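Structure first, commentary second.
In each ligand, atom 1 is the first atom listed, and ligand 1 is the first ligand listed. From a predicted model like this one, the values you see are computed outputs, not experimental measurements.
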Amino acid sequence: MEQLIQQIENYKQEIDNIPMNGAAALEEYRIKFLGTKGIVKNLFGEMKNVEPAKKKEFGQVLNEFKQFAEAKYESWQSTIDSSSTATGSKAGIDLSLPGDPLPLGSQHPITLVRNQIVHIFGRLGFSVAEGPEIEDDWHNFTALNLDENHPARDMQDTFYIHQKPDWLLRTHTSNVQVREMEKGKLPIRIICPGRVYRNETISARAHCFFHQVEGLYIDDQVSFADLKQTLYFFVQEMFGNDVKIRFRPSYFPFTEPSAEMDISCLICHGSGCNVCKHTGWVEILGSGMVHPKLLENCHIDSNKYTGFAFGMGIERITMLKYQINDLRLFSENDVRFLKQFTSAV
Ligand SMILES: [Zn+2]
């Protein structure tokens, strides 16, 4: 055993004399003394050859030696760590460089414009109402004065649910207006944004689904003047103060009188271009005073209450606002198109 203890002393001397010089030499040291086939491990293997009375003493010497060898390793390691954090050289990183920017997404242009419309009408006291996209015939047609044989049903080519002939994909968001009126809580001042479906051939100007915002205001003494002023405010907020509006008489089964509203062309400012078909005016929405039959259908006293309603396509407003010339771009998910709206968020 004396021989072994002498040997340990020699190793201690050797360890003391090793200069703490870089990571490669440290790894060599670790393998030689602390590795799985290293000197410390071997010495522990000698334990079985030591006579029983001296095992305890030898054990103590051996543990001390192990701690001595580990202490050298740790202090050597710390000299490497401190020098590498100071310069960043260990991982090859230059900490003075600016970080990599995170790529930012953008909101879809339809979402941008819908949110803007909701915000503008919100300032006039309109709250958002929503309803189902799969609707029954009553809420989509009949309650809106479009009974079964009404010719205006043909204007809206409809997707019906095969197994439930009374169900359909809503052709407008007016179903939400009916549902709100049926609740019987007056006054009503809502806008209804949402997706609608029509069986149209897909082209640059038509799609089988698109988005609408419809508005409804019902109270005592609501007049056409209120309708005009509300829509005028909306147009100025959306397109700027210079834009002019005009109303043209029209026909919708759910309003009487009815009017379509045009705004002055934003592209040519009235001198004539392709967008306005050389008229200087662009149609943006339909509107009118709520037909008394609708109010009665929803159990509202039409002698006491009046109201106005309007509806517009979000795609159409977006195309005018951002001068987009093809409706299909909105649903193609082409990143080159979508990323142009990053700064509009
Ligand atoms: Zn024009």
Between Glu182 and His139, do the side chains contain an N or O donor and an N or O acceptor separated by less than 3.5 Å? yes

Do Glu135 and Asn140 have a side chain donor and acceptor closer than 3.5 Å? no

Leaving waters out, which protein N, O or S atoms fall under 2.8 Å from the Zn ion (ligand 1)? Cys265 SG, Cys268 SG, Cys273 SG, Cys276 SG

Determine the interplanar angle of the Phe310 and Phe121 rings, folded into 0 to 90°, and report it as parallel if under 30°, tilted if 30 to 60°, perpendicular if over 60°. parallel

Check the surroundings of atom CD in Glu130: do more than 12 heavy atoms from other residues, nucleotides or ligands lie under 6.0 Å from it? no

If you count the non-hydrogen atoms of other residues, nucleotides and ligands that lie under 6.0 Å from NZ in Lys321, is the total more than 12? yes

Kindly indicate whether the side chain of Phe209, heavy atoms from C-beta on, has any atom under 4.5 Å from the side chain of Leu169. no

